[in-house]
Protein chains: 2
Amino acid sequence: MNIGQAAAASGLSAKMIRHYEHSGLLQPTQRSDAGYRQYQPKDIEILKFIRRARVLGFSLADIAGLLALWQNPQRSNTVVKQVAQQHLAEVELKLQELHAMKQTLQQMIAQCAADGGAHCAILQHLAKPTRS
Amino acid sequence: MNIGQAAAASGLSAKMIRHYEHSGLLQPTQRSDAGYRQYQPKDIEILKFIRRARVLGFSLADIAGLLALWQNPQRSNTVVKQVAQQHLAEVELKLQELHAMKQTLQQMIAQCAADGGAHCAILQHLAKPTRS
DNA sequence: GCTTGACCTTGCCATGATGGTAAGGTTCAT
DNA sequence: ATGAACCTTACCATCATGGCAAGGTCAAGC
């Protein structure tokens, strides 16, 4: 299986698969005589694992740790849970920040007449916020 | 007023103020004989404007546009509102994505025993998700 | 006057995950 | 044997920010 097929099968881009290998997240694969990377079904499972973790927002550094735990029969689920909880905390923090942005933006937009005039509540707020 | 004081007064870092000038967001300021940037009270207001817009998550490109509108007496608040609405839409999109991550992470974490054993619902989910 | 510390200058490199592009080699089907 | 579709490496770009290095400047105290 060449990298293009591995990419299609895993949902990653070929570009990223090469990048993951280069940055140490993946073990270098076997190569064909011409130097093409060869992927086995087992490799595809690893690529899918990475993709799912990326969808959940885990960093590549986190994923490196999760992959090592996954492949270690002596692992402790306590460690895995800690990694996930730490990431969840970061996600929740960003959610709060974005929520605050959303609230303020909505208020500003609601106060803007949008009648084509020069008076603008949004610019006013940015220039000298009345509150928040 | 030197850049350090301008930074303290505006809440930006000196580094970023230089960067904004370099990237065209800010007009180059006057310089002292020694080449130090000199900031007037009016400049501080601009810096504060930028900082407030950054807190709301506007990109530097957006802010360049907002600044130009702010300083244009012929502006139309319709345009300003469009910029804000576009940005709000992006914020809401990211909120949705993060919310989905949070949901899945919470489910995975709730299913993880964390008893120090090797069995791990989190890794299981990443390896072969049952659903979602 | 000279030293010292706190400030300023420019310029380069790094982050994190991803995309693009370029220049070249391979495979396969026609 | 030719062309399309694939593969290879290597470099550059994004976006906003921080860090570091090497050097100039200013003000206060001795």
Side-chain angles (χ1 to χ4, degrees), chain A residues 1-26 28-40 43 47 49-67 83 86-87 90-91 93-94 97-98 101, chain B residues 1-26 28-40 43 47 49-67 83 86-87 90-91 93-94 97-98 101:
Chain A
M1 216 178 190
N2 287 341
I3 198 169
Q5 293 164 298
S10 65
L12 297 169
S13 69
K15 186 94 192 193
M16 280 301 100
I17 296 176
R18 289 192 199 99
H19 177 60
Y20 296 158
E21 180 186 317
H22 186 76
S23 64
L25 187 55
L26 295 171
T29 63
Q30 284 186 337
R31 300 285 188 120
S32 74
D33 289 353
Y36 286 20
R37 291 173 180 79
Q38 301 292 292
Y39 294 87
Q40 306 307 129
D43 299 321
L47 294 176
F49 183 102
I50 293 175
R51 188 182 144 271
R52 292 188 196 112
R54 283 297 300 138
V55 168
L56 291 178
F58 284 102
S59 69
L60 296 192
D62 279 348
I63 296 175
L66 290 171
L67 269 178
V83 173
Q86 173 66 35
H87 177 51
E90 286 161 14
V91 167
L93 190 61
K94 276 198 185 169
E97 291 172 7
L98 282 172
M101 287 182 195
Chain B
M1 219 176 189
N2 288 341
I3 199 170
Q5 293 164 298
S10 65
L12 298 169
S13 69
K15 185 93 189 193
M16 280 302 99
I17 296 176
R18 288 190 199 100
H19 176 61
Y20 295 158
E21 180 186 317
H22 186 76
S23 65
L25 187 56
L26 294 171
T29 62
Q30 285 187 335
R31 299 287 188 119
S32 73
D33 288 353
Y36 287 19
R37 290 172 180 80
Q38 301 290 293
Y39 294 87
Q40 306 308 127
D43 299 320
L47 294 176
F49 183 103
I50 294 174
R51 187 180 144 271
R52 292 188 196 111
R54 283 297 300 137
V55 167
L56 291 178
F58 285 102
S59 70
L60 295 191
D62 279 347
I63 295 175
L66 290 172
L67 269 178
V83 174
Q86 173 66 36
H87 177 51
E90 288 161 12
V91 167
L93 191 62
K94 277 199 184 168
E97 292 172 5
L98 282 172
M101 288 182 194

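Just so it is clear: chains get the letters A, B, ... in the order the sequence lines come, proteins before strands, and each one is counted from 1. Not measured: the values here are computed from a predicted model.
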Verdict with supporting geometry, R54(B) and L60(B), side-chain contact (heavy atoms from CB on, under 4.5 Å): CA-CA 8 Å; R54(B) 283 297 300 137; L60(B) 295 191; 3.7 Å; yes
Any side-chain heavy atom of [X] within less than 4.5 Å of one from [Y]?
| X | Y | answer |
| --- | --- | --- |
| L93(B) | E90(B) | no |
| H87(A) | V91(A) | yes |
| Y20(B) | I63(B) | no |

Separation of [X] atom [atom1] from [N] atom [atom2], in whole Å?
| X | N | atom1 | atom2 | result |
| --- | --- | --- | --- | --- |
| H19(A) | dA13(D) | NE2 | P | 17 Å |
| L25(A) | dA17(C) | CG | C1' | 12 Å |
| Q30(B) | dC8(C) | CD | P | 17 Å |
| I17(A) | dG19(C) | CD1 | P | 12 Å |
| M1(A) | dC7(D) | CE | C1' | 15 Å |

So, taking the atom named [atom1] in [X] and the one named [atom2] in [Y], what distance separates them when rounded to the nearest 0.5 Å?
| X | Y | atom1 | atom2 | value |
| --- | --- | --- | --- | --- |
| L12(B) | I50(B) | CG | CD1 | 6.5 Å |
| D62(B) | L67(B) | CG | CG | 11.0 Å |
| E97(A) | K94(B) | CD | NZ | 11.0 Å |

DNA chain C-proximal residues of residues 57-64 of chain A, any heavy atom under 4.0 Å: S59(A), L60(A)
Minimum heavy-atom distance between D43(A) and Q38(A), given as atom pair plus value: OD2-O, 4.1 Å
First of M16(A) and D33(A) reached from the 5' end of DNA chain C, by closest nucleotide: M16(A)
Most 5' of Q5(A) and S32(B) on DNA chain D, judged by nearest nucleotide: Q5(A)
OP1 or OP2 of dA17(C) under 4.0 Å from side-chain N/O of Y20(A): no
Any residue meeting salt bridge (charged side-chain N to carboxylate O under 4.0 Å, His left out) with R37(B), in chain and number order, not counting sequence neighbours: E21(B)
Protein-nucleotides 8-10 of chain D N/O pairs closer than 3.5 Å?
{"from": "dT8(D)", "atom 1": "OP1", "to": "R37(A)", "atom 2": "N", "distance (Å)": "3.0"}
{"from": "dT8(D)", "atom 1": "OP1", "to": "R37(A)", "atom 2": "NH1", "distance (Å)": "2.8"}
{"from": "dT8(D)", "atom 1": "OP2", "to": "R18(A)", "atom 2": "NE", "distance (Å)": "2.8"}
{"from": "dT8(D)", "atom 1": "OP2", "to": "R18(A)", "atom 2": "NH2", "distance (Å)": "2.7"}
{"from": "dT9(D)", "atom 1": "OP1", "to": "R31(A)", "atom 2": "NH1", "distance (Å)": "3.4"}
{"from": "dT9(D)", "atom 1": "OP1", "to": "R31(A)", "atom 2": "NH2", "distance (Å)": "3.0"}
{"from": "dT9(D)", "atom 1": "OP2", "to": "R37(A)", "atom 2": "NH1", "distance (Å)": "3.0"}
{"from": "dT9(D)", "atom 1": "OP2", "to": "R37(A)", "atom 2": "NH2", "distance (Å)": "2.9"}
{"from": "dA10(D)", "atom 1": "N6", "to": "K15(A)", "atom 2": "NZ", "distance (Å)": "3.4"}

